[in-house]
Chemist: 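Below you will find the structure I want to go over with you.
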Amino acid sequence: MGSFQLEDFAAGWVGGAASVIVGYPLDTVKVFGFFKGMSFPLASIAVYNSVVFGVFSNTQRLLGRHRCGEPEASPPRSLSDLLLASMVAGVVSVGLGGPVDLIKIRLQMQTQPFQEAKLSRTVALGEQPAYQGPVHCFATIVRTEGLAGLYRGASAMLLRDVPGYCLYFIPYVLLSEWITPEACASPSPCAVWLAGGVAGAISWGTATPMDVVKSRLQADGVYLNKYKGVLDCICQSYQQEGLKVFFRGITVNAVRGFPMSAAMFLGYELSLQALRGDHAVTSP
């Protein structure tokens, strides 16, 4: 079998779909509490997770084989390999998920009352929203802000996702191996579910401060521009609302992270097992 494996991408797609089914209600609460704008990310989240899991698994495998000098072998795990593979997955996630996240936030943001957004004007009855849907939102951003506008908040997203995926994949791998008896070659579905859930809660909980900054930067620009960048957003948010603003939603994030990630990893592992024809669950 070659070092690059497409099964990881297919299994990631299944895991992503499973996580969406489990986490859909809590995901709407996490951002602004509105269902509008969810169709676009729901349609793309499986593809997004397919790429992230595929990139992580293949990068880790390639690094391990390069380190051991045995291209066809299955080398033992290395913390450095896990760390670098997680960082690569985080960078890729921003490149793919940045525009998706931006469009989702913009569509949800325009459903908020202007008073909640702290804007001076009020909405006239029947006034047209800024965006008519995902495609119109995408086209409007490109027309008014250029292609770079699609990556508004990308720096904050990098600061969230690179460490976030390190605290996602590494705890999962270490915990699943720790709770698996030595006599077993691979973790059981129960071990995968538990390790995946804990990893998700850790990752989303610790990512909350930068997730707040990212969401504010992406929402910025719908009706006015408040922030000049990540540091300015952090400073303004702190000055106006205090330190607690960066931990707003941390409970929802952690609670949401457990079932979604548990479903994600379980769907990934079981589908990977089925695709490879194995009889035991295998770790990414």
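The basis for the numbers below is simple: all heavy atoms, side chains too, and nothing from hydrogens, waters or symmetry mates. Values in this document were obtained by computation on a predicted structure and should not be read as measured data.
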Chemist: Grab the two heavy atoms, one from Pro209 and one from Gly205, that are nearest each other, plus how far apart they are.
Modeler: CD-O, 4.3 Å

Chemist: Determine whether Phe247 and Val212 satisfy the following criterion, side chain to side chain contact (heavy atoms under 4.5 Å, CB included), listing intermediate values before the conclusion.
Modeler: CA-CA 8 Å; Phe247 298 94; Val212 170; over 6 Å; no

Chemist: For the atom pair CG (Leu150) and CZ (Arg152), what is the distance rounded to the nearest 0.5 Å?
Modeler: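 Rounded to the nearest 0.5 Å, the CG-CZ separation comes out at 10.5 Å.
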
Chemist: Check side-chain contact (heavy atoms from CB on, under 4.5 Å) between Pro171 and all other residues, then give those that pass, not counting sequence neighbours.
Modeler: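 With sequence neighbours excluded, Pro171 shows a side-chain contact (heavy atoms from CB on, under 4.5 Å) to Ala199, Ile202, given in chain and number order.
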
Chemist: Return the CG to CH2 distance between Asp211 and Trp204, rounded to the nearest 0.5 Å.
Modeler: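 The distance works out to 5.0 Å.
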
Chemist: Checking the side chain of Gln236 only, and the main-chain atoms of Lys226 only, is there a donor and an acceptor separated by less than 3.5 Å?
Modeler: yes

Chemist: When rounded to the nearest 0.5 angstrom, what is the spacing between CD in Gln60 and OG in Ser78?
Modeler: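 If we round to the nearest 0.5 Å, Gln60:CD and Ser78:OG are 9.0 Å apart.
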
Chemist: Taking the inter-plane angle between the rings of Phe53 and Phe169 on a 0 to 90° scale, is it parallel (under 30°), tilted (30 to 60°) or perpendicular (over 60°)?
Modeler: perpendicular

Chemist: Residues two or more places apart in sequence or in another chain: which of them pass side-chain hydrogen bond (donor to acceptor under 3.5 Å, both in side chains) with Tyr48?
Modeler: Tyr165

Chemist: Which pair of non-hydrogen atoms, one from Ser86 and one from Phe56, has the smallest distance, and what is that distance?
Modeler: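 In this case the closest contact between Ser86 and Phe56 is OG-CE1, 3.4 Å.
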
Chemist: Quick one: sort the Phe265 and Tyr168 rings into parallel, tilted or perpendicular, breaks at 30° and 60°.
Modeler: tilted

Chemist: Is any side-chain heavy atom of Ile141 closer than 4.5 Å to a side-chain heavy atom of Cys137?
Modeler: yes

Chemist: Just verifying a value: how many Å separate Leu194 CG and Ile179 CD1, rounded to the nearest 0.5 Å?
Modeler: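 Output value for this atom pair is 4.5 Å.
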
Chemist: What are the two closest heavy atoms between Ser57 and Tyr268, and how far apart are they?
Modeler: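 In terms of heavy atoms, the two residues are closest at OG-OH, 2.8 Å.
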
Chemist: Is there a donor-acceptor pair closer than 3.5 Å between any side-chain N or O of Asn58 and the backbone N or O of Gly54?
Modeler: yes

Chemist: Can you tell me if CZ on Phe246 sees more than 12 non-hydrogen neighbours from other groups inside 6.0 Å?
Modeler: yes

Chemist: Please report the closest heavy-atom contact between Arg106 and Gln218, naming both atoms and the distance.
Modeler: NE-O, 2.7 Å

Chemist: Show your reasoning for whether side chain to side chain contact (heavy atoms under 4.5 Å, CB included) applies to Asp220 and Arg216.
Modeler: CA-CA 6 Å; Asp220 196 34; Arg216 290 188 170 209; over 6 Å; no

Chemist: Return the set of residues passing side-chain contact (heavy atoms from CB on, under 4.5 Å) with Thr140 (not counting sequence neighbours), or none when no residue passes.
Modeler: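 Counting only residues at least two positions away or on another chain, Thr140 forms a side-chain contact (heavy atoms from CB on, under 4.5 Å) with Tyr131, His136, Arg143, Thr144.
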
Chemist: Listed by chain and number, what are the side-chain hydrogen bond (donor to acceptor under 3.5 Å, both in side chains) partners of Thr206, not counting sequence neighbours?
Modeler: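 Checked Thr206 against side-chain hydrogen bond (donor to acceptor under 3.5 Å, both in side chains); zero matches.
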
Chemist: Leu174: what forms a side-chain contact (heavy atoms from CB on, under 4.5 Å) with it, not counting sequence neighbours?
Modeler: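 Ile170.
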
Chemist: Would you mind listing every ring-ring contact (aromatic ring centres under 6.0 Å, His included) that reaches into residues 139-159, with sequence neighbours excluded?
Modeler: none

Chemist: Holding to side-chain hydrogen bond (donor to acceptor under 3.5 Å, both in side chains), I want the full list of residues that pass it with Ser93, two or more places apart in sequence or in another chain.
Modeler: Asp161

Chemist: Suppose we screen for side-chain contact (heavy atoms from CB on, under 4.5 Å). Which residues come up paired with Ala156, at least two apart in sequence or across chains?
Modeler: Met210, Val213, Lys214, Leu217, Val230

Chemist: Residues two or more places apart in sequence or in another chain: which of them pass side-chain hydrogen bond (donor to acceptor under 3.5 Å, both in side chains) with Thr208?
Modeler: Asn253

Chemist: Grab the two heavy atoms, one from Glu241 and one from Val245, that are nearest each other, plus how far apart they are.
Modeler: OE1-CG2, 3.5 Å

Chemist: Go through Val92 and Val52 one step at a time and tell me if the side chain to side chain contact (heavy atoms under 4.5 Å, CB included) criterion holds.
Modeler: CA-CA 7 Å; Val92 170; Val52 169; 5.5 Å; no

Chemist: Could you check whether any side-chain N or O of Ser176 sits under 3.5 Å from a backbone N or O of Val192, counting only pairs where one atom can act as donor and the other as acceptor?
Modeler: no

Chemist: Run the side chain to side chain contact (heavy atoms under 4.5 Å, CB included) check on Leu107 and Ile103 step by step: do they pass?
Modeler: CA-CA 6 Å; Leu107 289 173; Ile103 292 171; 3.9 Å; yes

Chemist: On a heavy-atom basis, which atom in Ser203 and which in Leu167 lie closest, and how many Å separate them?
Modeler: CB-O, 3.6 Å

Chemist: Could you tell me whether Asp81 and Arg61 make a salt bridge, using a distance below 4.0 angstrom between a side-chain N and a carboxylate O?
Modeler: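 Salt bridge: no.
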
Chemist: With no hydrogens and no angle check, is any side-chain donor or acceptor of Ser188 less than 3.5 Å from a backbone partner on Ala191?
Modeler: yes

Chemist: Can you name the ring pair (Phe, Tyr, Trp, His ring centres under 6.0 Å) partners of Trp193, sequence neighbours left out?
Modeler: Phe258

Chemist: Could you tell me the separation between the OG atom of Ser237 and the NZ atom of Lys244, rounded to the nearest 0.5 Å?
Modeler: 13.0 Å

Chemist: Quick check: is Met157 connected to Leu231 through a chain of hydrophobic side chains (ILVMFWY, heavy atoms under 4.5 Å apart)?
Modeler: no

